[in-house]
Undergrad: 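Below you'll find the structure I mean.
Not measured: the values here are computed from a predicted model. Chain naming here is simple, since letters A, B, ... match the order of the sequence lines and numbering starts at 1 in each.
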Amino acid sequence: MLRILFFARIREELDCATLDWPWPGQAIDLDTLQEDLCLAYGAKWREVLSQDNVIRAVNQTVTNDNCALHDGDEVAFFPPVTGG
Amino acid sequence: MLRILFFARIREELDCATLDWPWPGQAIDLDTLQEDLCLAYGAKWREVLSQDNVIRAVNQTVTNDNCALHDGDEVAFFPPVTGG
Amino acid sequence: MARLQAALLAGAATEGAIATFTGYVRTTNDKRPVHSLELEHYPGMTQRSLKNIAREAATRWPLLAASIVHRVGVLSPGEQIVWIGVAAAHRGSAFAACEYIMDFLKTAAPLWKKEKGPAGERWVETRKEDGERTQRWQEIGGR
Amino acid sequence: MARLQAALLAGAATEGAIATFTGYVRTTNDKRPVHSLELEHYPGMTQRSLKNIAREAATRWPLLAASIVHRVGVLSPGEQIVWIGVAAAHRGSAFAACEYIMDFLKTAAPLWKKEKGPAGERWVETRKEDGERTQRWQEIGGR
């Protein structure tokens, strides 16, 4: 299973904070997961997640590129940070 | 009258904190005052006041050059500062 | 927050220099009054991220201690959002590390601000300047 | 000192950012233990000098408040010698002005340190680095 988290504006736009996504049983990478999410949830998700400035993190580390995922990984999507 | 102040290491070396120096009754500048002090108090004062890093202030403002003095001025001699 | 500040100050008091930074909730932003500010964060990753930033600062400058406190949840104008304290034997290191930590916190820690004002709610936008400030450190390098 | 700090913090709390610097009496200097530190100053000129430094900082950066506190007399290791607090709407100004004030205080304010240790008393020597840090601001210029 993959645990998927959404934060801030993205969480609001998708109306979704967390999602438990069944492990597909075969190798999967971040881009593929994102595509699968869009196929499952429709045009709104594709629009929101394909915005230029969406940041993706795997296991609490930001990843700028696509990367392989493993069963049990935590994946997060969020907008540029504005703390401080 | 001129009020003359000495601070820190210079105060200790001259064993003098403040000095009231009679106004000479004619125009005098800072270099001349210093020379007069050395003539009045001797070799030790000449040695201490002619050290490279002695700082001179007139009316609580540091002056890097010679300057004219006026009756009532406050003149100070001190070593490089080490506060903070 | 006060307790943590006191602990850092007491612990490092014999060591020379402490630089601190405190950020406050503004009363206005872009000329609009701010009624309240909601800080959302990514639990777990926020702590990890702040720890990494402090650790990175400690590899760049000889620090004795560094402490970062960031509040989350709903805050009112004038309340403290963030406090950074850095202790070092020399003031140059303390100042530089404190500013470095703040710059990276602004661009790397997973925290988001939502302002509530008379016109409703809005997510605060990233300021271009913040990215540029972080960039600077790549050019300057350590020490 | 605590009262002045609290006043600055309270007064500027709604304005964005506060950077502070605190200097402490070291427990050792050049590897020799310090038993006590005596701070001599030039009464009158010290206050004037600190005021001028704060005023000059305020012409270089848009500040909301700047406060400098410097202790004189006999201090023990671990005690605060100097505290600087700067409030500004943006953190860049607060950090820069705080560091600027400290650098000029070190080279322009008429204060002198005498350390007492196991080998007796000695006047603290000026550090070459302090002069270089002040020089820097001439090159950098304001804002």
Side-chain angles (χ1 to χ4, degrees), chain B residues 1-21 23 29-31 33-34 37 41 44-84, chain D residues 21-26 29-30 34 37-53 68-73 75 80-84 98-115 120-131 133-134:
Chain B
M1 200 182 69
L2 294 167
R3 183 147 185 88
I4 309 178
L5 309 171
F6 306 93
F7 291 100
R9 184 177 46 72
I10 290 177
R11 172 181 54 72
E12 285 188 349
E13 286 174 358
L14 300 182
D15 194 20
C16 179
T18 62
L19 201 62
D20 286 332
W21 188 256
W23 181 245
D29 61 26
L30 187 53
D31 287 347
L33 171 69
Q34 184 170 327
L37 287 169
Y41 291 96
K44 176 70 179 171
W45 282 52
R46 187 175 300 281
E47 181 201 321
V48 170
L49 295 182
S50 63
Q51 286 167 37
D52 263 355
N53 57 11
V54 172
I55 296 169
R56 304 187 299 185
V58 175
N59 296 328
Q60 305 189 353
T61 299
V62 169
T63 167
N64 295 314
D65 306 306
N66 189 23
C67 66
L69 296 176
H70 304 90
D71 195 5
D73 280 353
E74 178 175 299
V75 177
F77 295 84
F78 49 78
V81 305
T82 55
Chain D
F21 177 82
T22 315
Y24 295 85
V25 180
R26 301 196 181 175
N29 200 358
D30 292 346
V34 175
L37 188 69
E38 191 171 342
L39 261 298
E40 178 170 339
H41 77 304
Y42 182 168
M45 182 172 166
T46 303
Q47 289 86 323
R48 177 196 289 227
S49 168
L50 297 181
K51 206 171 283 180
N52 284 344
I53 294 168
I68 309 175
V69 186
H70 202 296
R71 293 181 63 194
V72 294
L75 305 178
Q80 299 188 6
I81 303 176
V82 58
W83 184 83
I84 296 167
C98 191
E99 196 165 2
Y100 172 95
I101 288 171
M102 188 59 198
D103 285 348
F104 275 82
L105 186 156
K106 281 255 180 195
T107 53
L111 291 143
W112 301 273
K113 286 194 187 98
K114 186 195 240 179
E115 281 178 1
E121 304 184 341
R122 64 158 182 176
W123 289 101
V124 171
E125 296 285 321
T126 309
R127 291 165 65 224
K128 189 164 148 279
E129 188 204 317
D130 288 329
R133 287 183 65 89
T134 309

Undergrad: Tabulate, in ascending numerical order, the residues of residues 49-56 of chain B having at least one heavy atom closer than 4.5 Å to a heavy atom of chain D, or enter 'none'.
TA: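 Within residues 49-56 of chain B, near chain D: nothing under 4.5 Å.
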Undergrad: Nearest 0.5 Å, what's the CZ-CD distance between B:Arg9 and D:Glu40?
TA: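 Answer rounded to 0.5 Å: 11.5 Å.
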Undergrad: Heavy atoms only: give me the nearest B:Pro79-D:Trp112 pair and the separation to one decimal.
TA: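 Looking at all heavy atoms of both residues, the closest pair is O-NE1, 2.9 Å.
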Undergrad: Verify side-chain contact (heavy atoms from CB on, under 4.5 Å) between B:Gln60 and D:Tyr42, making sure each step is shown before the conclusion.
TA: CA-CA 9 Å; B:Gln60 305 189 353; D:Tyr42 182 168; 3.7 Å; yes
Undergrad: What part of D:Glu38 gets closer than 4.5 Å to chain B, counting heavy atoms only: side chain, backbone, both or neither?
TA: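 No part of it gets close to chain B.
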Undergrad: Sequence neighbours left out, what pairs pass side-chain hydrogen bond (donor to acceptor under 3.5 Å, both in side chains) with at least one residue falling in residues 75-84 of chain B?
TA: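 For residues 75-84 of chain B, and leaving out neighbouring residues, there are no side-chain hydrogen bond (donor to acceptor under 3.5 Å, both in side chains) pairs at all.
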Undergrad: Apply the test side-chain contact (heavy atoms from CB on, under 4.5 Å) to residues D:Lys114 and B:Glu12: give CA-CA distance (whole Å), side-chain angles for both, the deciding distance (0.1 Å), then the verdict.
TA: CA-CA 12 Å; D:Lys114 186 195 240 179; B:Glu12 285 188 349; 2.2 Å; yes
Undergrad: Heavy-atom distance under 4.5 Å to chain B: side chain of D:Thr126, backbone, both or neither?
TA: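 For D:Thr126, the contact with chain B is made by backbone and side chain together.
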Undergrad: As a quick check of understanding, evaluate side-chain contact (heavy atoms from CB on, under 4.5 Å) for B:Phe78 and D:Met45, giving each step before the final call.
TA: CA-CA 12 Å; B:Phe78 49 78; D:Met45 182 172 166; 4.2 Å; yes
